[in-house]
Amino acid sequence: MPPTTPEPPEPSAPPPRPRLRLRYRSVAAWTAACALALLLIGLAGQWAAVREANFQADSIRRAMEVHVLGLRDSAGKYSYLPFTTGLHPEVLAALAHPQDAAVKQRANLYIEEVNRQAGSDALYLSDLQGLTLAASNWNTPQSFVGESYANRPYFRDARAGRSGLFYGLGQTTGEPGLFISAPVRPDGGAVLGVVTVKVSLRQLQEAWTFVRDPILLTDARGIVFLSSVPTWMYRATRALSPTDVEGIRRDQQYGARTDFPLLPWQLERGGDQPGYLVRTSIGGKTRRFLAVDEPLPDLGWTLTVMGDHAEVDRARERTWMLGLLVAGVLLLGGLYWQLRERRFAEQRDARRDLELRVRERTHALDEAHAFRKAMEDSLLVGMRARDLEGRITYVNPAFCEMTGYGADELLGRLPPYPYWHPDDVPRHWHHYDAMMSGQPARSGFESRLRHRDGREVITMVYTAPLIDADGRHSGWMSSVVDITEQKRAELRQRQNDEQLQHAQRLASLGEMASTLAHELNQPLMALSNFASAAKAFAEQGNQALLVSSLDETMAQAQRSAEIVRRIRGFVRQRTVGTEDCAVAALVTNVLALLQGEMRQRQVRAEVRVPATLPPVRGDRVLLEQVLLNLLSNSLQAMQATPQDQRVVEIDAEVLDGRMRIRIADHGPGIDASLAEQVFAPFFTTKAGGLGLGLNICRTIVEAHRGRLSFADRPGGGTVFTLALEISPP
């Protein structure tokens, strides 16, 4: 039998006291390291917050420069107009002969033409007592002629020989605007009068409604007169003194308004912080903003631009989280290193066991790599990696299946790639150049690819920088999502919506079928009668009556053709799309379609739609469908109303920058218990109704970025209000 190998002697255990001291030292070292890490993380978070605040302040200042240029342009491009107008002979003649009506009329016409050419709101001439002698709006109901503006600061400045600048509400129109005045002083002599131009800042106010963070403009007294937050208008940044209130009342700067409550702000000012912090509530949500003020001394205003301070807090929190994550990783790494060193020291003589464990660890890493590879291969989202030269370095199976090309065919390829759609090559190059310049679309972009078999694949592409283990930018990683089926579903949904709208139009015409038949029957019967009369007059040789009968025949034929044309124009499913639509024309066309039904139901219409209203932007046929449905409902609602009260009222006006069209009937009104279901699909109170009319109407109006609502009419009945956007000038 082989000789037995003696077992190695067990190493003697170290003394317990030195081991205990080493443990205490290790715990103290780790505690100090953790405390230092927390301190560094806190300092890094504060540094990130300060850096983000400085970056945000720089962004605010850059945006402020743009807004300041816009304000100065709005105020400066018309500053020449009062001075040059005051030099014209017609203006000087009106000041010299204020009682001569012919002279003042010539001045009116001249000032009206100058105002039209310049594009300002109003231009007018005042004498030294502030009485307006001539104005560009001399022939309008709100004419300035004969009005006195002696209490206005811009008039007092110009009468004293200086140029005047003043923002406030118009005493005559009530509309806000910027008033710029200049003295009429021919050849530098005595002041004879004052010329003032009114400029609207409405376009600037409308542009501010689309900014993400608040912007506001305050006057010299600290009153907000322009703001992207409507609830801040005519509020003050500081308490007004009695002198300020008296000055506002005397100047009528903001009409009859004399109460200017403080803004709902809580201010926080830091020593080294750019700007100041504002805590306020917008839309019922408490928010904090970094605000920076920019005085405009030449205009007497102060521009305040804000940025969301939540970004600063998020930067600090991200740094803290990242620092904690890094500290946790380092802590785990240090513990692992300490444990490994301890085990290496304790098992120095057991090298074979250590090698075995290393092989086991390597096998685990291989399994982890295989698991990651299997996970990437199972993804339905296509993954594509490219280096800094645009060469493809990695694709997963999902991307290969999406394009029809194998990985061996794509790896190493430079653009143009084989899956680029030939019709979109310029667009592919545009997105490629944006990525290579370091500015990929953060929110992704839609891209059309050509599969190897020729079919089209619609995708959404999201691209992010690819960072290597050394922290260097080594390329770009893109996620490609196939949205072809989603696009097809959206197309089917649009087609279904169009068919549903078309079905509702057909249903509306179905309800009017008997009335339309009666409308067509009258001209057809008249055609037959006039044709018979023409035949008789031809046999009698009566040329005059023959010609008259033929003329009447042609008139009735044209009437029939007009009725058919209106029906065909309303029924057609394909429309011309978005266009400028005159409100008066929309109402006239719908009333023409309902003329027979209104006569049959003995209902009359009262229309108060001025022809001077600006047009609305939208699809004419769809808007007529909304008006037709609302008017049809009003006619049907007045079946039990006494005949002398069967009136449908239609009026329109511009209110708060939007077109308001109201349709009111004298019916029984809508029961309060049914108010919540009026716009619900398939809800109807009419026998045989589809219950889709009002639901489709609201869908069409909301697609036009409008709003459809209803309310009880005083005295009985219902008022439907249609709010639409006005076409830009």
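Between Tyr154 and Phe179, the ring planes are parallel. Angles under 30° get that label, and only those over 60° would be called perpendicular. Note: Trp301 and Tyr167 have perpendicular aromatic rings, judged against thresholds of 30 and 60 degrees for the angle between ring planes.
Contact detail for Val648 and Ser634: the closest heavy-atom pair is CG2-CB, 4.1 Å. Taking every heavy atom of both residues into account, Leu586 and Cys581 meet most closely at CD1-CB, 4.0 Å. Across all their heavy atoms, Ser181 and Val194 have their closest contact at CB-CG1, 4.0 Å.
Under the salt bridge (Lys or Arg N to Asp or Glu O under 4.0 Å) rule, Asp308 has a single partner from Arg287, Arg288, Lys285, which is Arg287. No option in Val305, Thr237, Thr304, Leu303 other than Thr304 meets the side-chain contact (heavy atoms from CB on, under 4.5 Å) test with Asp293.
Between Tyr254 and Tyr234, the gap from one ring centroid to the other is short of 6.0 Å.
Side-chain atoms of Thr196 and Tyr149 include no donor-acceptor pair closer than 3.5 Å. A donor and an acceptor atom, one from each side chain of Gln253 and Arg152, are nowhere located under 3.5 Å apart.
Within the structure, the ring-ring contact (aromatic ring centres under 6.0 Å, His included) test picks out the following pairs touching residues 76-107 (sequence neighbours left out): His88-Tyr110.
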Between side-chain atoms of residues 652-659 and protein atoms elsewhere (two or more places apart, or another chain), which donor-acceptor pairs fall under 3.5 Å?
unit_1, atom_1, unit_2, atom_2, d
Glu653, OE2, Arg662, NH2, 2.7
Arg658, NH2, Arg705, O, 2.8

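In this structure, Asn115 contributes its side chain and Ser120 its backbone to a donor-acceptor pair below 3.5 Å.
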